[in-house]
Amino acid sequence: MQNHHVDLQTTLFCGQCFGWKNEEGVFHSVIDKKLVRLTQENFSASVQEHAFLAHYFDMDWEYEQANEFLCTIDPHLKQAIEMFPGLHILNQDPFEVLMCFILSQNNTILRIRKMYDVLCSQYGTEVEPFSYAFPSPAELKNVTEEELRALGMGFRAPYLLDAIQKHSILDDIKNHSFSKALELLMTIKGVGPKVGSCILLYGFHRMESFPLDTWMLKVMRTWFPSKDGTFFAPYAALAQQYLFHYARTRGLS
DNA sequence: GGCCAGGCCCCAG
DNA sequence: CTGGGGCATGGC
């Protein structure tokens, strides 16, 4: 285990996941059908005690080397890394990631979180009183478009339905090349290049992924004109996460 | 009260 | 294959 320092506030609120709450320094969510409660102080002990948390927080990946490399190739990136040390890419459930990033299109992170909560409390398993897991494909298999629209999912309702129907595509993704995997994911309605890249990154830990949303397009035009994701190789995904979070919190200047 | 949001579908050229 | 309108909803 690398035991790299993890900053919970940054890692859990940088836009890669939507289910965590921070109540006065107590971070909580349901992971693998278990209610998890963490503080920054007890985090290290928690991941040592629970293997599923060590995996979820990606404790074995080469963050030290990656950060060191990325700091050397660009000053903006170096600033971003120094401002948010301890940013990890989580290993999330692929189906949950698929659903969340379908919700993300033409939406705000605040509202994605609320829609996530609605799906959990409506369809998910209550693992502790008032704590719900994100629903599984089986729990969602009889849902209708009218139901989802009534819950405020809007034009994304049919996309969610198609994702539920085709969820078994996810079982096979890890056996394919990046481009083939992306192609397979994009057969799901509502999954395009950006959402597909997010699924491959957050659900399958494809660190070569480089999701380009509106923020990242601005970042690239402003700070990296005439460059693309290959400039950050082999750490494109981590660079993307730092730059996305940095630009969103601090702006571009 | 408009404007816009971690995009994508769909259709015209 | 490229470009642009339209999309549900709610937070600001």
Side-chain angles (χ1 to χ4, degrees), chain A residues 9-21 80 84 87-90 92-119 121-122 134 143-166 169 179 181-224 228-229 232 236-252:
Chain A
Q9 181 60 35
T10 298
T11 295
L12 300 175
F13 294 90
C14 66
Q16 62 175 320
C17 57
F18 305 97
W20 285 87
K21 310 277 191 301
F84 301 108
L87 171 56
H88 276 210
I89 301 291
L90 302 168
Q92 303 179 64
D93 173 69
F95 178 70
E96 180 175 327
V97 175
L98 165 63
M99 298 291 276
C100 284
F101 279 90
I102 283 175
L103 291 179
S104 77
Q105 63 182 273
N106 208 43
N107 210 345
T108 61
I109 290 183
L110 175 62
R111 194 155 81 101
I112 299 166
R113 307 183 84 89
K114 296 192 170 176
M115 293 162 101
Y116 177 99
D117 286 343
V118 167
L119 291 179
S121 57
Q122 280 291 316
F134 191 85
V143 172
T144 65
E145 179 175 340
E146 295 70 44
E147 240 176 285
L148 291 175
R149 284 186 183 271
L151 292 173
M153 301 300 142
F155 70 90
R156 307 168 190 84
Y159 303 162
L160 295 174
L161 282 184
D162 200 49
I164 295 164
Q165 298 289 345
K166 298 179 181 162
I169 288 177
S179 59
L182 188 59
E183 186 186 316
L184 284 170
L185 289 171
M186 284 172 57
T187 63
I188 298 169
K189 262 189 176 310
V191 178
K194 190 274 174 183
V195 169
S197 299
C198 286
I199 298 167
L200 288 175
L201 173 53
Y202 306 124
F204 295 94
H205 208 263
R206 292 292 182 95
M207 297 298 269
E208 72 271 43
S209 189
F210 195 66
L212 285 170
D213 73 305
T214 52
W215 283 100
M216 278 305 294
L217 286 172
K218 273 189 279 187
V219 165
M220 295 307 286
R221 278 199 304 266
T222 310
W223 292 336
F224 304 92
D228 60 20
F232 308 102
L238 191 62
Q240 175 270 153
Q241 200 65 47
Y242 273 118
L243 292 167
F244 171 79
H245 188 52
Y246 185 65
R248 250 175 53 85
T249 45
R250 176 196 156 284
L252 290 88

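Letters A, B, ... are given to chains in the order of the sequence lines, protein chains preceding strands, and every chain is numbered from 1.
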Report task. Using a heavy-atom cut-off of under 4.0 Å over every strand shown, decide if A/R149 touches base, sugar-phosphate, or nothing. Result -> sugar-phosphate
**Report entry** Residue met sooner reading DNA chain C from 5', once A/L110 and A/F155 are mapped to nucleotides
**Finding:** A/F155
Query raised in the report: B/dG6 base stacked by A/F244? Criteria: ring centres under 5.5 Å, plane angle under 30°.
Result: yes
Report task. Could you tell me which nucleotide pairs with B/dG6 by Watson-Crick or G-U wobble geometry, both distances under 3.5 Å, or answer none if nothing does? Result -> none
Requested in this report: Give a yes or no on whether the ring-centroid distance for A/F18 and A/F101 is below 6.0 angstrom.
Outcome: yes
Query raised in the report: So does A/T108 get a side-chain nitrogen or oxygen closer than 4.0 Å to the phosphate oxygens (OP1/OP2) of B/dG6?
Result: no
Requested in this report: Sticking with atom P, work out how far C/dG5 lies from B/dC3, rounded to a whole angstrom.
Outcome: 15 Å
Query raised in the report: Does a distance-only test, which skips hydrogens and angles, find a donor-acceptor pair under 3.5 Å between the side chain of A/Y202 and the base of B/dG6?
Result: yes
Query raised in the report: Over how many whole Å does the gap from A/M99 atom CE to B/dC8 atom P extend?
Result: 16 Å
Query raised in the report: Quick one: which of C/dG11, B/dC10, B/dG7 gets closest to the side chain of A/K114?
Result: C/dG11
Report task. Please tell me which of A/F101 and A/K189 maps to the more 5' nucleotide of DNA chain B, matching each residue to the nucleotide holding its nearest heavy atom. Result -> A/F101
Report task. Would you check if the distance from the ring center of A/Y242 to the ring center of A/F84 is below 6.0 Å? Result -> no
Query raised in the report: Of the nucleotides C/dA8, B/dG6, B/dC8, which one has an atom closest to the side chain of A/R156?
Result: C/dA8
Report summary line: Taken to the nearest whole Å, OH/A/Y116 to C1'/B/dG6 is 17 Å
Report task. Take the protein atom CD of A/Q105 and the nucleotide atom C1' of B/dC4, then report the distance between them rounded to whole Å. Result -> 15 Å
Requested in this report: Could you tell me the separation between the CG atom of A/L160 and the P atom of C/dA8, rounded to a whole number of Å?
Outcome: 13 Å
Report summary line: Among the nucleotides C/dT9, B/dC8, B/dG6, whichever has the atom closest to the side chain of A/R248 is B/dG6
Query raised in the report: Rounded to whole angstrom units, what separation is found between the CG atom of A/N106 and the C1' atom of C/dG11?
Result: 14 Å
Query raised in the report: Which whole number of Å gives the distance between the P atom of B/dG6 and that of C/dC12?
Result: 12 Å
Query raised in the report: With a 4.0 Å cut-off on heavy atoms, is A/G15 in touch with a base, just the backbone sugar-phosphate, or nothing at all?
Result: base
Query raised in the report: Does the side chain of A/W215 come within less than 4.5 Å of A/L252's, by heavy atoms?
Result: yes
Report summary line: Rounded to whole Å, the CD-P distance (A/E183 to B/dC8) equals 16 Å
Report summary line: A/I199 atom CD1 is separated from B/dG7 atom C1', nearest whole Å, by 12 Å
Report summary line: Against the side chain of A/Y159, the closest entry in C/dC7, B/dC9, B/dG6 is B/dC9
**Report entry** Interatomic distance at P, C/dA8 relative to B/dC11, whole Å
**Finding:** 14 Å
